[in-house]
Amino acid sequence: MDGVLTTAARDPQGTVVAAASVRHQPPPAGGRATATGLVDPAVRGRGVGSHLLDWALTAAAPAEVTVETESLTPAAERLFASRGLRQVFAKDVFRFDLGVAEPPEVPFPGGVMLAEWSRDAAGRFFAVYSAAFRDRPGFPGWSERQWVDWLTDDEEFRPDWTLLATDGQAGDVGFIGCAEGWVVQVGVRPDWRGRGLGAALVVEALTRMRAAGAREALLDVNVNNPAGALYRRLGFTPLGRRARYAAP
Ligand SMILES: CC(C)(COP(=O)(O)OP(=O)(O)OC[C@H]1O[C@@H](n2cnc3c(N)ncnc32)[C@H](O)[C@@H]1OP(=O)(O)O)[C@@H](O)C(=O)NCCC(=O)NCCS
């Protein structure tokens, strides 16, 4: 592939046990490169990862490099730190096993009604999303159009699992957005937090997914977001940590 360098490590039998790649960005983002790599757990702790990382940093130079991983381990954290890389982003991926466990019962706060996604209601969804996420670090400040495209321009988007919660008096107070097998986003208006609405929305989506035959539900959440505790309490288990590192 254009602008992509790869390397692999094999064991004495010739089986690939580790691999890394560096992708140099084309203009206008030229001067930047993204590196990623994977080491088979069976050969970890033997310096293979250090070797691959050093290869990647050399292959990326002189571009400004970002190192991405889908499965951050404590050893990888130490390795990145030892090369002067700084964590710029980290998300935990959580999984709910719909094949084994039934979602817990969580009632909606009294007076809350649900409506499924429709284009006509996009502006109302967007208003609740903005109110819920405005105070999160890294809030992108997208326009309604950008956010709606991000959420719905996906073959896997599920309008019937994407729900707006409306209170008879307070108006629109929360929402959840889902795709096939994924809880994409959940948000509750700040003045409505702590009443069980977030939990009820997640459980409602899980229940709909299970009724449709889905085996699992995944979601990811920033490691510094207290919502992680909510997902654990509902029965999600951590699958792994995605992270991105950059040279200062
Ligand atoms: C996460 C969120 C949807 C939870 O909604 P909610 O209606 O307050 O959730 P519930 O009342 O069902 O549960 C509250 C739980 O959420 C967790 N929580 C999440 N954010 C919290 C916050 N800002 N302050 C306190 N608790 C928070 C706590 O673990 C709390 O657990 P507890 O009930 O055991 O104390 C809401 O805080 C929110 O909109 N946050 C901003 C958007 C966001 O980060 N969404 C999740 C990432 S996709």
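These numbers were taken from a predicted model, which means no experiment stands behind them. In listed order, ligands and their atoms are each counted from 1.
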Colleague: Between Arg233 and ligand 1, does any nitrogen or oxygen pair lie at a separation below 3.5 Å?
Modeller: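 Yes; at least one N/O pair falls below 3.5 Å.
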
Colleague: Say whether Arg119 and Thr152, considering side chains only, have a donor N or O and an acceptor N or O under 3.5 Å apart.
Modeller: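 Side chains of Arg119 and Thr152: pair found under 3.5 Å.
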
Colleague: If you measure every N or O of Asp135 against every N or O of ligand 1, does any of those distances drop under 3.5 Å?
Modeller: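 Min N/O separation from ligand 1 is not below 3.5 Å for Asp135.
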
Colleague: Just which atoms of ligand 1 are under 4.0 Å from any heavy atom in Arg195?
Modeller: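 Every atom of ligand 1 under 4.0 Å from some heavy atom of Arg195: 11 (O).
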
Colleague: Geometry only, no angles: is Val184 polar-contacting ligand 1 at N/O separations under 3.5 Å?
Modeller: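 Checking ligand 1 against Val184, no N or O pair falls under 3.5 Å apart.
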
Colleague: Just to be sure I read this right, does ligand 1 sit under 4.0 Å from the backbone of Val188, its side chain, both, or neither, counting only heavy atoms?
Modeller: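 Within the 4.0 Å criterion, Val188 contacts ligand 1 through backbone and side-chain atoms alike.
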
Colleague: Provide the number and element of each atom of ligand 1 under 4.0 Å from a heavy atom of Ala132.
Modeller: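 Ligand 1 atoms under the 4.0 Å threshold to Ala132: 39 (O), 41 (C), 42 (C).
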
Colleague: Heavy-atom contacts with Asn225 under 4.0 Å: which atoms of ligand 1 show up? List them by number with element.
Modeller: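 Close to Asn225: 43 (C), 44 (O), 46 (C), 47 (C).
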
Colleague: For atom CD of Glu105, decide whether the heavy atoms of other residues, nucleotides or ligands shown that lie under 6.0 angstrom number more than 12.
Modeller: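 It does not: Glu105 CD has 12 such atoms or fewer within range.
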
Colleague: Does Tyr231 approach ligand 1 within less than 4.0 angstrom via side chain, backbone, both or neither, non-hydrogen atoms only?
Modeller: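 It is the side chain that gets close, since no backbone atom is under 4.0 Å.
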
Colleague: Below 4.0 angstrom from a heavy atom of Ala227, which ligand 1 atoms are there? Numbered from 1 as shown, please.
Modeller: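 Taking each heavy atom of Ala227 in turn, ligand 1 has 1 (C), 19 (C), 46 (C) under 4.0 Å.
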
Colleague: Distance only, no hydrogens: is a donor on one side chain within 3.5 Å (strictly under) of an acceptor on the other, for Thr162 and Glu116?
Modeller: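 No, because no side-chain N or O of Thr162 sits under 3.5 Å from a partner of the opposite role on Glu116.
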
Colleague: Examine Phe125 and Val184 and state if one hydrophobic cluster contains both, with Ile, Leu, Val, Met, Phe, Trp and Tyr joined whenever side-chain heavy atoms are less than 4.5 Å apart.
Modeller: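 Shared cluster, yes.
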
Colleague: Among Gly194, Ala229, Gly177, Pro226, which one puts a heavy atom closest to atom 20 (N) of ligand 1?
Modeller: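 Selected option, by shortest heavy-atom distance: Pro226.
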
Colleague: If you count heavy atoms of other groups shown closer than 6.0 angstrom to CZ of Arg215, is the number above 12?
Modeller: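 Incorrect, the count does not exceed 12.
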
Colleague: Would you check the N or O atoms of Gln185, main chain and side chain alike, for any that come under 3.5 Å of an N or O of ligand 1?
Modeller: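 In fact, backbone or side chain, Gln185 has no N or O that close.
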
Colleague: With nothing but distance in play, are any N or O atoms of Gly196 less than 3.5 Å from an N or O of ligand 1?
Modeller: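 It does: an N or O of Gly196 is found under 3.5 Å from an N or O of ligand 1.
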
Colleague: Only heavy atoms of Ala199, strictly under 4.0 Å: list the atoms of ligand 1 that pass.
Modeller: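 So the answer, numbered in order with elements, is 12 (O).
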
Colleague: With a 3.5 Å cut-off and no angle check, do the side chains of Gln185 and Trp147 form a donor-acceptor pair?
Modeller: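 Yes, side-chain donor-acceptor contact under 3.5 Å.
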
Colleague: Going by heavy-atom distance to atom 9 (O) of ligand 1, choose the closest among Gly198, Pro109, Gly228, Ala200.
Modeller: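 Heavy atom nearest to atom 9 (O) of ligand 1 belongs to Gly198.
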
